[in-house]
Amino acid sequence: MRYQTQGTCSSAIDVEVDQGVIKSVAFTGGCHGNLQGISRLVEGMKVEDAISRLKGIKCGFKSTSCPDQLARALESMQN
């Protein structure tokens, strides 16, 4: 699934989930090293666990962040 982000330096997130477990995450744009790290950390994690850890994280004065956008992408996959 491709999720178009809003309010972040990254423009999109490609997420693959299988049976409630995150298989892969790839961000387009943004801080490559940090986002690659986040992607590797959540691979193999249950979707619900990733959402609870990432949802609500802000970037500076922005109301969202790349991790928060990943949580929103995962939530949209659940619905």
Side-chain angles (χ1 to χ4, degrees):
M1 174 193 120
R2 177 164 268 236
Y3 181 82
Q4 297 302 131
T5 60
Q6 297 178 3
T8 60
C9 298
S10 65
S11 59
I13 308 170
D14 293 302
V15 183
E16 182 183 353
V17 173
D18 184 31
Q19 297 182 7
V21 176
I22 301 167
K23 295 298 179 188
S24 67
V25 176
F27 288 83
T28 301
C31 304
H32 184 68
N34 290 334
L35 296 177
Q36 190 175 359
I38 290 168
S39 299
R40 289 186 186 182
L41 287 170
V42 299
E43 287 175 5
M45 187 180 287
K46 291 182 182 178
V47 169
E48 296 83 12
D49 294 339
I51 291 170
S52 69
R53 290 178 185 208
L54 302 175
K55 189 173 181 179
I57 293 175
K58 297 179 181 181
C59 184
F61 294 105
K62 296 178 183 179
S63 62
T64 189
S65 65
C66 292
D68 181 59
Q69 289 293 298
L70 176 55
R72 292 179 192 198
L74 294 168
E75 284 180 326
S76 72
M77 290 180 78
Q78 288 184 316
N79 297 332

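Note that the structure is predicted; figures quoted are calculated from it, not measured. What you see below is based on every heavy atom in this structure, not just the backbone, and it leaves out hydrogens, waters and symmetry mates.
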*Asks:* Let me confirm one number: the CG-CE distance from Leu74 to Met1, rounded to the nearest 0.5 Å.
*Replies:* 7.5 Å

*Asks:* Shortest non-hydrogen contact from Asp68 to Gly56?
*Replies:* OD1-N, 2.7 Å

*Asks:* Nearest heavy-atom pair of Pro67 and Leu54: which atoms, and what distance?
*Replies:* O-CB, 3.4 Å

*Asks:* I'd like to check the salt bridge (Lys or Arg N to Asp or Glu O under 4.0 Å) partners of Glu75; sequence neighbours left out, ordered by chain and number.
*Replies:* Lys55

*Asks:* For residues Tyr3 and Met77: do they belong to one hydrophobic cluster (side chain heavy atoms under 4.5 Å, members Ile, Leu, Val, Met, Phe, Trp, Tyr)?
*Replies:* yes

*Asks:* Work out which heavy atom in Cys66 is nearest to a heavy atom in Ile13; give both atom names and the distance.
*Replies:* O-CD1, 4.4 Å

*Asks:* So does Gln4 have more than 12 non-hydrogen atoms from other groups sitting under 6.0 Å from CD?
*Replies:* yes

*Asks:* Between the main-chain N or O of Thr8 and the side-chain N or O of Thr5, is there a donor-acceptor pair closer than 3.5 Å?
*Replies:* no

*Asks:* To check you understand the geometry: which heavy-atom pair defines the closest contact between Val21 and Val47, and what is its length?
*Replies:* N-CG2, 4.4 Å

*Asks:* Please give me the minimum heavy-atom distance between Leu35 and Ser10, naming the atom from each residue.
*Replies:* CD1-CB, 4.2 Å

*Asks:* Going by atom types only, do Gln69 and Thr64 share a side-chain donor-acceptor pair under 3.5 Å?
*Replies:* yes

*Asks:* Between Ser65 (side chain) and Ile57 (backbone), is there a donor-acceptor pair under 3.5 Å?
*Replies:* yes

*Asks:* Can you list everything that forms a side chain to side chain contact (heavy atoms under 4.5 Å, CB included) with Asn34? Sequence neighbours excluded, please.
*Replies:* Cys31

*Asks:* Transitively linked via ILVMFWY side-chain contacts under 4.5 Å: Val17 with Leu41?
*Replies:* no

*Asks:* Kindly state each residue pair satisfying side-chain hydrogen bond (donor to acceptor under 3.5 Å, both in side chains) with at least one member in residues 40-53, sequence neighbours excluded.
*Replies:* Glu48-Gln78

*Asks:* Looking only at atom types and distance, does a side-chain atom of Thr28 sit under 3.5 Å from a main-chain N or O of Ser11, one as donor and one as acceptor?
*Replies:* no

*Asks:* If you take all heavy atoms of Lys62 and Cys9, which pair is closest and at what distance?
*Replies:* NZ-SG, 3.8 Å

*Asks:* Nearest 0.5 angstrom please: Ser39 OG to Leu70 CG, how far?
*Replies:* 7.5 Å

